[in-house]
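Input: a single structure, listed below in structure tokens.
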Amino acid sequence: MSKPKLVVLSGAGISAESGIATFRDSDGLWENHKVEDVASPEGWKKNPELVQNFYNQRRKRALEVVPNPAHHIIKELEDKFEVLIITQNVDNLHERAGSSNVMHLHGELFLVRSEKYPELIYPISKINSNGWELKMGDLCEKGFQLRPHIVWFGEEVPMIKKASQEVLMADVLVVVGTSLQVYPAAGLIGYTDRNCKKFIVDPKIPNFSEKNWIKIEEKASTGMKKVQEQL
Ligand code: APR
């Protein structure tokens, strides 16, 4: 018999205990920058060096941290469930905890792509052996500038349709560490089937109108332990 399907929708809060800052816990600034300066096509056009440097620092930081118990518990849930993680995070902590099925809605920190040909995508380690630094002048095989492989504000989220189909098929949905303020990702919670068992884990549970959720008002590590115990 096949295992029941568990979908995790994770956000910045799941990586907080690993030491990666969330977006909205710091007065609308992200590591001292306005989000639109470093995470929008307009910001990139205005000052690409600033954007490159910003993501270089994010990659460098991500290499210094390790997965925390919440990431590990999600990996452990694979024993009982067919687990799919739909993450808004661009770090690779789910993968480093061993999770085998991760969909990155908003892109991936350790991939870079051609500004002109978005299908030309490379691991950063192929571009720079230090594994974190992308510079202006680093080019794709067709000679165009490389940029972070990140979905910026105002850009399409290519995987959103597939993600909503997956949520619809979930027997269990676990939402963890997201403020549910950014669409279309936040809208995914509305796609569940009537019989789906739904958990939300967050030290500050966001307001939303859908009913029948099990709310665990705790940080990800202890909250995910409780989810695991209830499944
Ligand atoms: N454990 C669990 N949740 C936590 C923890 C923790 N230790 N610490 C903070 N949180 C919660 C906060 O209470 C908040 O609800 O994590 C959430 C973080 O919310 P945001 O900073 O808005 O992050 P997220 O929802 O992932 O943002 C979505 O916005 O900037 C864009 O593209 C970016 O993917 C990102 C998207």
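Numbering of ligands and ligand atoms starts at 1, following listing order.
The shortest distance between side-chain heavy atoms of Ile14 and Thr87 does not fall below 4.5 Å.
Donor-acceptor pairing under 3.5 Å is lacking for the side chains of Gln57 and Lys60. Side-chain contact, Glu133 with Asn130: a donor N or O sits under 3.5 Å from an acceptor N or O.
For a heavy-atom separation below 4.0 Å, the residues in contact with ligand 1 are Gly11, Ala12, Gly13, Ala16, Glu17, Thr22, Phe23, Arg24, Asp25, Gln88, His106, Phe153, Gly177, Thr178, Ser179, Val182, Asp202, Pro203, Lys204, Lys219, Ala220.
The side-chain contact (heavy atoms from CB on, under 4.5 Å) check on Glu156 picks up nothing, with sequence neighbours excluded.
Met169 and Val83 fall into different hydrophobic clusters, where Ile, Leu, Val, Met, Phe, Trp and Tyr are joined by side-chain heavy atoms under 4.5 Å apart, directly or via other members.
Under a cutoff of 6.0 Å and an axis angle of 45°, Arg58 and Phe54 form a cation-pi pair.
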